[in-house]
Structure formats: C-alpha cells, structure tokens
2 protein chains.
Amino acid sequence: MERIDMNNPCGCEKCELRSVFFESFRGDELESFCRNKQETFHHRGDFVFHAGDEVKSFSYLKSGLVKLFKTMANGKDQIITIAGPFDFVSLLGTFTISHQPYSVSALEDSVVCHIDIQQIKHIVKHNGLFSLNLMERLGTTSNKIIQESMEIRKRNTHGKVAYFLLKLSRDLYMNQTFNLPVSRREIAEYTGMTTENVIRTMSEFRKEKIIRINGREIEIMDMESLDRISNFG
Amino acid sequence: MERIDMNNPCGCEKCELRSVFFESFRGDELESFCRNKQETFHHRGDFVFHAGDEVKSFSYLKSGLVKLFKTMANGKDQIITIAGPFDFVSLLGTFTISHQPYSVSALEDSVVCHIDIQQIKHIVKHNGLFSLNLMERLGTTSNKIIQESMEIRKRNTHGKVAYFLLKLSRDLYMNQTFNLPVSRREIAEYTGMTTENVIRTMSEFRKEKIIRINGREIEIMDMESLDRISNFG
DNA sequence: CATTCACTATGATATTTATCATAAAGTGAT
DNA sequence: ATCACTTTATGATAAATATCATAGTGAATG
C-alpha cells in the first residue's frame, strides 16, 4: 500500500460520486473534505483492509477492482462481492461497527479514496442533502449485493458460472472479450462451488464453443447459449 | 390488511426505534411525523407488499413477524430474510427505487408502521441527527442480511437447518422451546434446500434426540450437538 | 536456470442433494 | 362430518456436486 501525495487533492473531475460528494457541499465543507481525503494505491493482490481492522475511514474505489471477502474457520475464503470503480468499499456497517467485518484486497492495481469516518458523520449530521444522496447511493450498493447473492444462490453450478461470466462481460467490461480478473478458485469462492467444478464447467463451455479461453482472456462466443444457461440453470 | 385508527398515533412508548424516530426530532417534526404515520394490521399469511408495488412509504415492523421474499420465474419463492419487531420492512433501496423489489408477507399477525417516503426524505434532508441515526440503523439491517446469507451459504443441509433453528431459538424467541413460525417449505425457501430434505433433516434431528417436535412446537433438547452441527456442517 | 508453488486441467469415485412416488396427518371450508 | 387441499413424512432412485488423485502449465524466486 502506498500513500498518494497529490498536488490537487480533489482532482476528481471524472468521479461518478461527484453528485454525492461535491454537489451537496456547502461553504467550507469542500475545503475540509479535500484537506482530509486520502488516497491509497494497492498492487494486485495487496490488502486494502483486513477483517478485524479498526474502522477509521469511509472508503470507496477510485480505480481498479477489489474483492470483499471473509476467511472462514477452515481457512477458505468466501467472496461477498467484487467492487469496481466508484463502488463503496466500506459498506453501511461502517456507521455502526468499530471493526471491519470483511477483508478487502485488490484484484487489479487499485486506488482507494478514504474519508475520515468522523468527518463523514459530521457532514451527514450537518448537511441534509449530502445525507440523502449518500443514503441513496449506499442503499443501491447494499441492495445490489443482496440481489446478487440471491441470484447466485438459486442457480446450479453451470448457471452460477454463466451468470458470473455474463456479469463481468456486461456490467464490468462491457465487452464480450475480457481478461478474467480472478482465478478459478476465486470464482469458486464467489459462487460457493469447488474450484474443480468451476474449471470443469468452464472447460465444458469451451468444448461446446460457448466461450473461448486463452490464458486469462475470455471471449464469449455464444452469448445466447450462455444466457440460456444462466437463466435456466 | 386493515388500517388502524389510533387515538394516540404516536403511542410508541416501547418502540426500540424511539432513538431514531423521536429523539432526533426538532420543533414541528414530531407533530408532522405523527400526523402522517399510518399503521396497518396484517393477518398471518397476508401480504404487506407485493413485489412490483409502487414504493410509497418507508415501513418497519411494530409487532409480529414477516418474511421478505421473491417469487422466481418457476413460481417458487426465495426467502431473503425474516424480520421481527422493529426491523425495517423497507430496505435501503426504498430511497432510490420506485417499486418494491421484494414481496413481504406476515408469518404471524403483524402491525406495520408506514411513514410517507417523501416525508422521510424531507426529514433526512433537514435533520442531520435523524439522518445519522437512520443510516446507522439501516446499515445494521443490511449488514445482517448480507451476513446471514453468507452464513447459510457455507453450510451443508444439516448445518443450514441447525443454523436456522438456533437463530430462531436464540435471536427471536430467546427460549429453547418455541413454536415454528414457518412451514418446512418456508425453511427450504430460506435455506435454499428442497422441502423434503428439510423434513428429512428435522426428522433425523428428532431421531437423534437433538430436537423434540410436537406439531409446530420445537424443543431444542441437545443444544451442544445442534451447535456442533451448525458450526461444522 | 532450476526449483518451487500456485493454477489449470481431467478422470475416477464417493457423497450429498434433488427428484419422484406414495401415504398419513393436519387444516380449512362447506 | 366430509371433502379438498396442504403439510409432514419416508423410501427408492437419479442427478448433481464434492472429493481424491494425478499431471501439465505458467509464474515467481533465488
């Protein structure tokens, strides 16, 4: 993890969260916000938080890709969700709990923005528009996680893998060819399957010419079939 | 569904949400709140919301027990969570979405409090302390759902059923003897198993003298074993 | 450059879970 | 009380998934 020293700390012109974090600021709130905002850079594989860490900041992903996960008693990880740019890395619990419930680590080189938790609480308390905007945004995030968890749960192994590949293709990369940001083991941790069955399922998709696999590169060749497997499997 | 006419609309002396809904009110907010708050009564089995209904209010459970669920394409239900007194029935999505993502129905006779969504948004916007309190409370709820979903997912069928029975006994009824508020089919919908396997698993627990079943009444006879099954199954 | 280690891959087998079939018991309505 | 319907129950079988074993591949490291 490296701290980023910025000459322009609030150079967030392209930030999708502008509407939440800036358009509702008043008076000296913006200045105070910029003064306290910190960015950290994390190489692929590095941790952003460890489960159990003290919650000091409210954080969101500026660029890259991270996974939120929990390490179970048997040492295996369980992935809760994968977050992309402008997704919150701290979930809502941040407001009530003192220690991170999940670990967060970088799947790709990532930049995370941290806002001091006390400062966020202060702004929420004193700026209603900001509160409302933040609440809407946080609600969407939590809802998405719950939604996705239900979607994956109801599918069989083929459906789970198809759903995951489609999610990457459609929501994250918006392209039918993309580089898998996760290992087969991580897909297993996310979908609740065994690694072997993820590999087997992807091999079957390959043999049936539904996808093409070239190292980390995946091309969805038969979107219709993959969709059918995702919806009926 | 019956509307309740109250002579004392804000007679919520025992409400656990007092701190969120009252202690942060200022000036005429309390009066306005009481004027607009509505309560509805729902008999066991009745719907509180149907998925797809327009979101008009922000709602929480005053008494009783409800389930939040989704009806899938194949007609089967998937239970997201079971909510008890003072749990929110509207999740966070309420702030962003226009239509209910889930159906809600009463497992026991229930009273639900509804606050006009526009009014809630207005208060959030103008009362920072209320915002912060509400956000904390909503965060806890969402977190609990996500948490629970992960807990269930990682268990095998025996572990799922054991976990569910322990949850009822410990969190909801705080007693090792209680009346099951749900059918075996609903346990299946909540845990993602088949009804037959829920029945079979409970029968096995009965045969092994871990639980006693007498109609709807369940007594956990061997808490230690059930705990072991929940934790290692 | 060799070595180690994680990842991908595949087959054989065991286990778990779902499906199908049947029946008894409970529930609500008339 | 009777009928229709749902829930609980159990067994037999099929299907899905996990486990175990083995090996090739690729990436990182000294």
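Only a predicted model underlies this, so the values are computations on that prediction, with no experimental measurement involved. Order of the sequence lines fixes the chain letters, A, B, ..., with proteins taken first and strands second; residue numbering starts at 1 for each chain.
Of all the heavy atoms in B/Arg155 and B/Ser230, the pair that sits closest is NE-O, 2.7 Å.
Ring geometry for B/Phe164 against B/Tyr190 counts as tilted: the plane angle lies between 30° and 60°, on a 0 to 90° scale. Taking the six-membered ring where tryptophan is involved, the planes of B/His50 and B/Phe47 are essentially parallel, since the angle between them stays under 30° and well short of 60°.
Comment: B/Glu148 does not engage B/Lys144 in a salt bridge, judged by the lack of any side-chain N to carboxylate O separation of less than 4.0 angstrom. The pair A/Asp87-A/Lys62 fails the salt-bridge criterion, with no side-chain N (NZ, NE, NH1 or NH2) lying under 4.0 Å from an Asp/Glu carboxylate O. Using a 4.0 Å cut-off between charged side-chain N and carboxylate O, A/Arg185 and A/Glu189 make a salt bridge. Between A/Arg170 and A/Asp227 there is a salt bridge, since at least one side-chain N of the basic residue sits less than 4.0 Å from a carboxylate O of the acidic one. In this structure, A/Glu151 does not pair ionically with A/Arg153, as no charged nitrogen and carboxylate oxygen lie closer than 4.0 Å.
Regarding B/Phe205, its CZ atom lies at a distance of 14 Å from the P atom of D/dA9, rounded to whole Å. Counting to the nearest Å, the C1' atom of D/dG26 and the CD atom of A/Glu217 are 17 Å from each other. Per the geometry, CE belonging to A/Met193 stands 18 Å off P belonging to C/dT16, to the nearest Å. At whole-Å resolution of the value, CD in A/Glu189 and P in C/dA6 are 14 Å apart. Atom CD1 in B/Ile213 sits about 10 Å away from atom P in D/dT8, given to the nearest Å.
Close to D/dT8, at under 4.0 Å from its OP1 or OP2, lies no side-chain N or O of B/Ser203.
Nearer to the 5' terminus of DNA chain D, by closest-nucleotide assignment, is the contact made by B/Lys207 (compared with the other of A/Gly192 and B/Lys207).
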Test log, rule salt bridge (Lys or Arg N to Asp or Glu O under 4.0 Å), inputs B/Glu196 and B/Arg184 = CA-CA 8 Å; B/Glu196 293 97 316; B/Arg184 310 286 193 273; over 6 Å; no

Residues 97-104 of chain B side chain polar contacts: donor-acceptor under 3.5 Å, at least two apart:
unit_1: B/His99; atom_1: ND1; unit_2: B/Gly52; atom_2: O; d: 3.0
unit_1: B/Ser103; atom_1: OG; unit_2: B/Ala51; atom_2: N; d: 2.8

Please tabulate, one pair per line, each protein N/O and nucleotide N/O from nucleotides 3-7 of chain D that are separated by under 3.5 Å, including the distance.
unit_1: D/dT7; atom_1: OP1; unit_2: B/Arg185; atom_2: NH2; d: 3.3

Enumerate the protein-to-nucleotides 19-25 of chain C contacts in which both atoms are nitrogen or oxygen and the separation is below 3.5 Å.
unit_1: C/dT19; atom_1: O4; unit_2: B/Arg200; atom_2: NH2; d: 3.0
unit_1: C/dC20; atom_1: N4; unit_2: B/Glu196; atom_2: OE2; d: 3.3

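Checked against ring pair (Phe, Tyr, Trp, His ring centres under 6.0 Å), B/Phe95 has the following partners two or more places apart in sequence or in another chain: B/Phe58.
Residues from residues 219-233 of chain B with heavy atoms under 4.0 angstrom of DNA chain C: there are none. Heavy-atom distances under 4.0 Å link DNA chain C to B/Asn156, B/Thr157 of residues 151-161 of chain B, given in residue order.
For B/Ser149 (side chain) and B/Ile145 (main-chain N/O), no donor-acceptor pair under 3.5 Å exists by modelled atom type.
The side-chain tip of A/Lys67 points at the ring of A/Phe69 from less than 6.0 angstrom away and within 45° of straight on.
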